[in-house]
2 protein chains.
Amino acid sequence: MAESVVLDPVDLHLLRLLQNDARMTYRDLAAQVGVAPSTCLDRVTRLRRCGVILGHRLELDPAKLGRGLQALLSVQVRPHRRELVGPFVERIRALPESLTMFHLTGPDDYLVHVAVADMADLQRLVLDEFTARREVARVETRLIFQQWDCGPLLPPSPSAQSG
Amino acid sequence: MAESVVLDPVDLHLLRLLQNDARMTYRDLAAQVGVAPSTCLDRVTRLRRCGVILGHRLELDPAKLGRGLQALLSVQVRPHRRELVGPFVERIRALPESLTMFHLTGPDDYLVHVAVADMADLQRLVLDEFTARREVARVETRLIFQQWDCGPLLPPSPSAQSG
DNA sequence: CGTGAAAAAAGTAAGCC
DNA sequence: GGCTTACTTTTTTCACG
């Protein structure tokens with residue numbers, strides 16, 4: 001599978017618009033980009049098939065779902081061996097509180113973004129699901145005051161090369 | 001604006017399906033949930049209007065866009081005062097490399113998730129956009145080996161209360 | 001509230017530049 | 001490749017249970 005894909009200005013324009021609102025119709029996309037609706041369909045279909053577009057996801061408001069508190073948990077897993085980290089990752093991923101999970105370089109092996117109801121819920125989560133596990137050597141909890149989603153993801157200035 | 005919203009099993013079922021694939025048609029949703037397509041439309045429209053559904057976002061593959069390396073940057077901003085952090089946040093948010101930004105409790109004030117082309121690009125970003133700024137006291141860079149999106153976001157076990 | 005059928009709009013495929 | 005046109009499916013409305 002190709003590492004990168006050649007994207008012309010039309011593709012980039014479409015991606016920029018769709019990242020802002022993935023429900024835009026091909027007709028509206030066409031009007032803004034300056035090509036025919038069927039061309040938009042062709043382009044977007046191609047972007048989907050070559051893996052640039054991975055999927056369409058719903059963005060929900062955690063607070064509206066009764067998960068008004070978010071936090072980042074830095075976790076050290078010791079010893080950091082495959083037979084321990086595999087089950088650890090699967091277990092944490094499956095928690096309803098988990099949003100995203102990163103495997104990182106540095107002293108802390110994993111970072112887990114969680115959404116919980118309140119502070120008591122967070123304490124329960126840390127104690128019952130993290131520190132209670134034998135392979136978890138350390139958990140550092142940081143609360144999230146605020147979060148920003150940044151601008152659209154686009155290739156670095158000189159357009160991406162083919163591969 | 002209400003803090004939480006009453007969600008019955010039909011709403012939850014719809015949200016679970018749509019979080020997995022936001023492009024599912026109301027017809028398919030209806031078949032799986034066991035109600036009429038028009039009912040699905042009503043429910044989803046309501047969820048959108050009451051803010052549970054914030055939007056439909058496209059999920060892109062950063063590697064395919066020539067941004068094969070991702071990292072998390074922990075940033076200390078000193079002094080941590082409004083007149084300094086406002087412009088800092090706006091500047092970092094506007095970078096094409098920035099994906100998400102968190103304001104956190106703890107010794108590191110901000111965490112920035114970035115996607116760059118390669119290590120040289122990351123070094124340039126850290127030096128030119130972060131440490132070069134007077135208010136940035138410290139930047140700690142951690143590379144991302146792997147990232148997982150976790151299961152669907154759902155309310156805590158006893159369904160959310162009204163507000 | 002949910003339903004089912006009808007109207008409006010969008011998505012999709014084909015043929016032609 | 002992209003555009004136009006015709007065709008299919010979906011979305012959306014609305015009167016009714």
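Each chain gets a letter, A, B and so on, in the order the sequences are listed, and its residues count up from 1.
- Of the candidate nucleotides C/dT3, C/dG11, D/dT13, C/dG11 has the atom nearest to the side chain of A/Tyr26.
- Following rounding to the nearest Å, A/Leu41 (CG) and C/dA13 (C1') show an atom-to-atom distance of 9 Å.
- Ion pairing between A/Arg91 and A/Glu129 holds under the 4.0 Å rule for side-chain N and carboxylate O.
- Atom pair B/Asp28:CG and D/dT10:C1' shows a separation of 10 Å (rounding to whole Å applied).
- Between B/Asp149 and A/Arg93 there is no salt bridge, since no side-chain N of the basic residue sits under 4.0 Å from a carboxylate O of the acidic one.
- Across all strands shown, A/Ala36 has heavy atoms under 4.0 Å from base atoms, whether or not it also approaches the sugar-phosphate.
- Comparing D/dG2, D/dT10, C/dC1 against the side chain of A/Thr39 picks out D/dG2 as the nearest.
- When each of C/dT12, C/dT3, D/dG1 is scored by its nearest atom to the side-chain atoms of B/Val35, the top-ranked nucleotide is C/dT3.
- A heavy-atom distance below 4.5 Å is not found between the side chains of B/Val10 and B/His13.
- For the pair A/Ser74/A/Val139, no side-chain contact is recorded, criterion being any heavy-atom separation below 4.5 Å from C-beta on.
- Rounded to an integer number of Å, the gap from A/Leu14 CG to D/dG2 C1' is 13 Å.
- In this structure, CZ of B/Arg27 is placed 9 Å from P of D/dT11, rounded to the nearest angstrom.
- Here D/dT9 presents its C1' atom at 13 Å from CZ of B/Arg23, a figure rounded to the nearest Å.
- Side-chain atoms of B/Ser38 lie closest to C/dG4 of the nucleotides D/dT12, C/dG4, D/dG2.
- Note on B/Asp11 versus B/Arg46: salt bridge recorded, some NZ/NE/NH1/NH2 to OD/OE distance being below 4.0 Å.
- For A/Thr25, taking side-chain heavy atoms from C-beta onward, the closest of the listed nucleotides D/dG1, D/dT4, C/dG11 is C/dG11.
- When rounded to the nearest whole Å, the span between CG of B/Asp11 and P of C/dC1 equals 11 Å.
- Rounded to a whole Å, the CZ atom of A/Arg46 is 11 Å from the C1' atom of D/dG1.
- Between the CZ atom of A/Arg49 and the P atom of C/dT12 there is a distance of 13 Å, rounded to whole Å.
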